[in-house]
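Encoded as structure tokens, here's the structure I'll be asking about.
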Amino acid sequence: MTNLKNRVFSGVQPTGNLHLGNYLGAIKRFVALQESHDCIYCVVDMHAVTTYQDPAELTGNIRSVTAAFLASGIDPEKHIVFNQSQVTQHAELAWLFNCVARMGWLNRMTQFKERAGKNRENASVGLFSYPNLMAADILLYKSDFVPVGEDQKQHLELTRDIAAKFNNDFARRISELGFGDSYFPMTEPLIGGPAARVMNLRDGTRKMSKSEVSDLSRINLTDDRDTIVKKIRKAKTDAEPLPGNVEGLENRAEADNLVGIYAGINDTDKEAVIAEFGGKPFSEFKPALAELAVEKLAPISAKMRDLLAEPEEIDAILCDGADKAREIAVKTMREVREIYGFVGRK
Ligand code: AMP
Ligand code: TRP
């Protein structure tokens, strides 16, 4: 029997180099979910332009994220891979959600505060309302599950608030039209594992991020062997050996991060890593981690390079994916317009 609650959706912004945090917190988990779910993976280019993007660079970044999806093992034949701007219904539903979400809800979004910084007056309106577009991405496909890193938790809660308010505001109409007692599902976030929040290699209190100035702070999916080894060698640690149990990682942000990364790459948990390396010094753990990272990441970056050598093929995959996504999106928007009472052809 097929599982009725089965659709997975997630998105990654094409805004620069993908790093190990994106891979372990998101992409690697996207790959695993393909076995058991119908998956839609989106390169969210309309999110990227909430801050200015050089057009030629944006094109390259859309292709690189797609190449990272494919090189990591996402199958565009069995699932859907596309870039957001090709399916205009995302923007249409986002507008309607601009009218569902309340100013107060968006005012609470911590990512906006971080990204806008001190100069909030000068941030784009899109950067402020971006969580509504994210809710539209998810609900356009009535997605049941959304795998993301820890930093997206608040946006997923907002998505549920928007779905609930929409379902409630239009409850009578939804039922009259035969959609039952709710139209949009209560999407569940899939956040977890040992690497839901991969930290900066130079400062274990900040998350690994594309926007960090120092390249030593992150491992990029395109880094070569020597670079990966060097970055792990230079990763900040304390002077103690690894603890004998997981509790001993508390208040040791850098050690905790490296153990989490090892577990994430190796598909185990921190307990298993501590069972193997507890009591050992970093001079022993770091080379083992570097070897593991190179072994698992080098084939992905090699495959990405091959794929990027043929951009027309990547573009064709995105166009095919967009055709499949659009079929679902058109149907949802037809229904949503009817729920609102807009006039037009069915
Ligand atoms: P972004 O690059 O911001 O579009 O993020 C793409 C995905 O990677 C999202 O699911 C994020 O939650 C996830 N992600 C980004 N940075 C990290 C990190 N440092 N640790 C874990 N997951 C992350
Ligand atoms: N906001 C997400 C990020 O910055 C990217 C994103 C956009 C997304 N739309 C989404 C993630 C829908 C999951 C589902 O990482």
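Start at 1 and go down the list; that is how both ligands and their atoms are numbered.
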#### Entry: Structural part of Asp151 in contact with ligand 2, heavy atom criterion under 4.0 angstrom
neither
### Query
Can you find an N/O atom of Gln152 closer than 3.5 Å to an N/O atom of ligand 2?
yes
### Query
For ligand 2, which atoms sit closer than 4.0 Å to a heavy atom of Val148?
11 (C), 13 (C)
### Message
Just to confirm my output: which protein heavy-atom neighbour is closest to atom 7 (C) of ligand 2, and how far is it?
### Response
His47 NE2, 3.4 Å
### ligand 2 atoms in contact with Phe9 (distance to a heavy atom under 4.0 Å)
12 (C), 14 (C)
### Task
Check the side chains of His19 and Asn220 for a donor-acceptor pair under 3.5 angstrom, ignoring hydrogens and angles.
no
### Message
Please check whether Gly25 reaches ligand 1 - meaning an N/O of the residue sits under 3.5 Å from an N/O of the ligand, judged on distance alone.
### Response
no
### Query
Can you tell which part of Leu133 has a heavy atom less than 4.0 Å from ligand 2: side chain, backbone, both or neither?
neither
### atom 11 (C) of ligand 1 - nearest protein heavy atom and its distance
Asp151 OD1, 3.4 Å
### Distance-only polar pair, side chains of Glu57 and Thr59, donor-acceptor under 3.5 Å
no
### Query
Minimum heavy-atom separation for Ile62 to Leu318, with atom names?
CG2-CD1, 3.9 Å
### Task
Among all protein heavy atoms, pick out the one at the shortest distance from atom 10 (C) of ligand 2; state its residue, atom name and that distance to 0.1 Å.
Met134 CG, 3.5 Å
### Query
Which of the numbered atoms in ligand 2 are below 4.0 angstrom from a heavy atom of Val146?
13 (C), 14 (C)
### Query
Do ligand 1 and Gly21 have nitrogen or oxygen atoms that lie under 3.5 Å from each other?
yes
### Task
Return the residue, atom name and 0.1 Å-rounded distance of the protein heavy atom closest to atom 5 (O) of ligand 1.
Asn22 ND2, 3.4 Å
### Query
Do the rings of Phe82 and His90 sit parallel, tilted or perpendicular, given the 30° and 60° boundaries?
tilted
### Message
If I apply the N/O under 3.5 Å rule, does Asp137 come out as touching ligand 2?
### Response
yes
### Task
Enter the distance from Leu18:CG to Phe69:CZ here, rounded to the nearest 0.5 Å.
8.0 Å
### Query
Any heavy atom of Ala195 sitting closer than 4.0 Å to ligand 1?
yes
### Task
Examine the proximity of ligand 1 to Ser10 and report which part, side chain or backbone, both or neither, has a heavy atom under 4.0 Å away.
neither
### Query
Which protein heavy atom lies closest to atom 6 (C) of ligand 2, and at what distance to 0.1 Å?
Gly11 O, 3.8 Å
## Note on the structure
Ranked by distance from atom 9 (C) of ligand 1, the top protein heavy atom is Gly149 N, 4.1 Å
#### Entry: Ring centres under 6.0 angstrom apart (His47, Tyr130)
yes
### Query
How close does the nearest protein non-hydrogen atom get to atom 2 (O) of ligand 1, and which residue and atom is it?
Lys210 NZ, 2.7 Å
### Protein contact to atom 1 (N) of ligand 2 [nearest heavy atom, distance to 0.1 Å]
Tyr130 OH, 2.4 Å
